[in-house]
Enquirer: 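Sharing a structure with you now.
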Amino acid sequence: RFLLDINKADRDSGYIKLQKEGVLKIEIPDKTQYDEQKLIKSLLIKFAQKYFLGEITKKVKHYNDTYFQKPINSVRLKYNKSNWGSCSTGKNLNFSVRLFFAPDEVIDYVVIHELAHLIEMNHSDRFWKIVSDIMPDYQNKEKLLKVNSAKYDF
């Protein structure tokens with residue numbers, strides 16, 4: 001999706017901005033008291049939450065309107081290390097900001113997977129039938145998530 005351009009600069013706080021040419025420019029203070037990795041991760045999380053929420057919400061709306069027609073309370077993004085998404089009994093859909101670095105087809109799979117939980121709050125045969133009826137090759141997407149999970153992390 002984006003190229004990262006990370007530089008140290010004479011500044012007091014971190015800075016992140018999407019440039020027109022698809023470059024995500026990050027500047028971090030050149031002072032030594034900062035944990036650079038934590039600051040970069042924090043900036044990426046905040047950027048992904050702001051930039052990616054609209055995109056993933058559109059996907060949720062599209063798949064829900066097309067296949068599920070179920071009420072949804074909220075769609076949120078947060079940094080989840082343990083899962084790619086979740087669906088609560090309160091109809092809240094949560095997605096990991098790590099999906100920001102995944103291909104669209106993988107994001108589609110995770111969205112469909114979580115929407116299917118609005119019907120089946122488990123991973124029963126009925127649940128997987130719902131997923132496979134919408135995305136017959138979902139197992140390929142699941143494999144991509146497992147094989148490339150480190151690539152999608154930051």
Side-chain angles (χ1 to χ4, degrees), residues 1-9 11 13-29 34-119 121 123 127 130-132 134-154:
R1 287 182 187 257
F2 302 107
L3 291 174
L4 297 180
D5 178 18
I6 304 171
N7 295 292
K8 291 185 178 184
R11 50 183 313 116
S13 62
Y15 167 88
I16 187 166
K17 183 168 184 176
L18 180 61
Q19 307 290 288
K20 287 181 182 166
E21 55 277 357
V23 174
L24 198 51
K25 183 179 179 72
I26 298 174
E27 290 184 354
I28 57 174
Y34 285 94
D35 180 330
E36 293 175 5
Q37 294 295 338
K38 277 188 181 176
L39 180 56
I40 291 168
K41 184 175 188 170
S42 172
L43 289 168
L44 284 170
I45 289 168
K46 286 178 185 168
F47 179 82
Q49 286 171 325
K50 181 180 175 183
Y51 180 87
F52 188 48
L53 182 60
E55 185 179 327
I56 205 156
T57 300
K58 276 187 209 170
K59 286 180 178 289
V60 167
K61 182 174 175 16
H62 165 75
Y63 284 108
N64 189 43
D65 290 352
T66 306
Y67 299 102
F68 298 95
Q69 298 92 39
K70 296 291 180 188
I72 296 170
N73 187 39
S74 69
V75 176
R76 292 194 182 104
L77 281 172
K78 54 188 179 179
Y79 183 85
N80 290 6
K81 184 76 174 172
S82 60
N83 62 32
W84 296 102
S86 64
C87 176
S88 73
T89 53
K91 303 185 184 336
N92 298 309
L93 300 178
N94 296 299
F95 297 95
S96 176
V97 292
R98 295 180 302 138
L99 287 169
F100 181 65
F101 291 102
D104 277 335
E105 62 187 7
V106 169
I107 298 167
D108 291 345
Y109 161 67
V110 175
V111 167
I112 291 165
H113 181 114
E114 297 313 327
L115 285 168
H117 283 307
L118 294 172
I119 298 169
M121 285 297 286
H123 289 116
F127 169 84
I130 294 165
V131 174
S132 67
I134 298 166
M135 182 177 272
D137 65 341
Y138 78 89
Q139 290 168 317
N140 295 336
K141 311 309 185 255
E142 212 169 28
K143 187 176 179 181
L144 282 172
L145 273 176
K146 286 179 183 153
V147 170
N148 296 304
S149 64
K151 285 184 187 176
Y152 307 151
D153 204 357
F154 52 91

Enquirer: Please report the C-alpha distance between Asp153 and Lys81 in whole Å, then the side-chain angles of each, then the deciding distance to 0.1 Å, and finally whether the side chain to side chain contact (heavy atoms under 4.5 Å, CB included) criterion is met.
Expert: CA-CA 8 Å; Asp153 204 357; Lys81 184 76 174 172; 2.2 Å; yes
Enquirer: Can you name the salt bridge (Lys or Arg N to Asp or Glu O under 4.0 Å) partners of Lys41, sequence neighbours left out?
Expert: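 So Lys41 forms no salt bridge (Lys or Arg N to Asp or Glu O under 4.0 Å) with any residue.
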Enquirer: Between Arg98 and Ala150, is there a donor-acceptor pair closer than 3.5 Å when you use the side chain of the first and the backbone of the second?
Expert: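 Side chain of Arg98 to backbone of Ala150: no pair is present.
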Enquirer: Rounded to the nearest 0.5 Å, what's the gap from CD1 on Ile130 to CD1 on Ile119? Could you check?
Expert: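 These two atoms lie 4.5 Å from each other.
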Enquirer: Report the C-alpha separation of Asp104 and Lys59 in whole Å, then their side-chain angles, then the decisive distance to 0.1 Å, and conclude whether the side chain to side chain contact (heavy atoms under 4.5 Å, CB included) test is met.
Expert: CA-CA 10 Å; Asp104 277 335; Lys59 286 180 178 289; 3.8 Å; yes
Enquirer: For the pair Tyr109 and His113, name the ring-plane relationship: parallel under 30°, tilted 30 to 60°, perpendicular over 60°.
Expert: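 Because their plane-to-plane angle is over 60°, the rings of Tyr109 and His113 count as perpendicular.
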Enquirer: For residues Glu105 and Asp137, determine if any side-chain heavy atom of one lies less than 4.5 Å from a side-chain heavy atom of the other.
Expert: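 The answer is no; the side chains never approach within 4.5 Å.
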Enquirer: Between Leu115 and Tyr67, is any pair of side-chain heavy atoms under 4.5 Å apart?
Expert: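 They are not in side-chain contact.
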Enquirer: Mark yes or no for whether Asn80, through its side chain, and Ser82, through its backbone, hold a donor-acceptor pair below 3.5 Å.
Expert: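 No, Asn80 side chain to Ser82 backbone: no donor-acceptor pair under 3.5 Å.
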Enquirer: Do any N or O atoms from the side chain of Asn64 and from the backbone of Val60 form a donor-acceptor pair under 3.5 angstrom?
Expert: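 No, Asn64 side chain to Val60 backbone: no donor-acceptor pair under 3.5 Å.
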Enquirer: To the nearest 0.5 Å, what is the distance between CG on Leu99 and CG on Leu77?
Expert: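 Reported to 0.5 Å precision, the distance equals 8.0 Å.
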Enquirer: Tell me the closest heavy-atom pair linking Ser74 and Asn92, and the distance in Å.
Expert: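 Shortest heavy-atom separation between Ser74 and Asn92 comes out as OG-OD1, 2.8 Å.
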Enquirer: Starting at CG of Leu53, measure out to OG1 of Thr57 and round the result to the nearest 0.5 Å.
Expert: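 One finds 4.0 Å between CG of Leu53 and OG1 of Thr57.
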Enquirer: Show the nearest heavy-atom pair for residues Arg11 and Pro29, with the distance to one decimal.
Expert: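 Smallest interatomic distance, heavy atoms only, reads O-CB, 3.1 Å.
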Enquirer: Ignoring hydrogens, what is the shortest heavy-atom contact between Glu27 and Ala9? Give both atom names and the distance.
Expert: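 Between these two residues, the closest heavy atoms are OE1-CB, 3.8 Å.
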Enquirer: What distance do Ile40 atom CD1 and Ile6 atom CD1 have between them, rounded to the nearest 0.5 Å?
Expert: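 Answer rounded to 0.5 Å: 4.0 Å.
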Enquirer: Within this structure, what is the CZ-CZ distance for the pair Phe95 and Phe100, rounded to the nearest 0.5 Å?
Expert: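 Reported value, rounded in 0.5 Å steps: 16.0 Å.
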Enquirer: In terms of heavy-atom contacts, does CD of Gln69 have more than 12 from other residues, nucleotides or ligands at under 6.0 Å?
Expert: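 Correct, the count exceeds 12.
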Enquirer: Which heavy-atom pair separates Gln49 from Lys78 by the least distance, and what is that distance?
Expert: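 Residues Gln49 and Lys78, closest heavy atoms: NE2-CA, 3.9 Å.
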Enquirer: Over all heavy atoms of both residues, which pair between Ala116 and Val131 is shortest? Give the atoms and the distance, please.
Expert: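 Reported closest heavy-atom pair: CB-CG2, 3.8 Å.
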Enquirer: Is the shortest side-chain heavy-atom distance between Tyr138 and Asp108 below 4.5 Å?
Expert: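 In short, these two side chains do not touch, never coming nearer than 4.5 Å.
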Enquirer: Do Asn94 and Glu114 have side-chain heavy atoms sitting under 4.5 Å apart?
Expert: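 A side-chain contact under 4.5 Å is absent here.
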Enquirer: On a heavy-atom basis, which atom in Leu118 and which in Cys87 lie closest, and how many Å separate them?
Expert: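 Nearest pair, atom of Leu118 first, then Cys87: CD2-SG, 3.6 Å.
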Enquirer: Between Phe68 and Ile134, is there a side-chain heavy-atom distance shorter than 4.5 Å?
Expert: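 In short, these two side chains touch, coming nearer than 4.5 Å.
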Enquirer: In this structure, are over 12 heavy atoms from other groups packed under 6.0 Å from Arg76 atom CZ?
Expert: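 Count not over threshold, so no.
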Enquirer: Measuring only between side-chain heavy atoms, which start at C-beta, is Ile56 closer than 4.5 Å to Leu93?
Expert: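 No, side chains not in contact.
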Enquirer: Has Asp35 got a side-chain atom pairing as donor or acceptor with Lys38's backbone, closer than 3.5 angstrom?
Expert: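 At least one qualifying donor-acceptor pair exists.
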Enquirer: Nearest 0.5 Å, please: how far is OG in Ser42 from OH in Tyr79?
Expert: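 These two atoms lie 12.0 Å from each other.
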Enquirer: Which of parallel (below 30°), tilted (30 to 60°) and perpendicular (above 60°) describes His123 and Phe127?
Expert: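 The rings of His123 and Phe127 stand perpendicular, inter-plane angle above 60°.
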Enquirer: Is any side-chain heavy atom of Tyr152 closer than 4.5 Å to a side-chain heavy atom of Trp84?
Expert: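 Sidechains of Trp84 and Tyr152: in contact.
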Enquirer: How about Ile16 and Tyr51: do any of their side-chain heavy atoms sit closer than 4.5 Å?
Expert: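 No, their side chains stay 4.5 Å or more apart.
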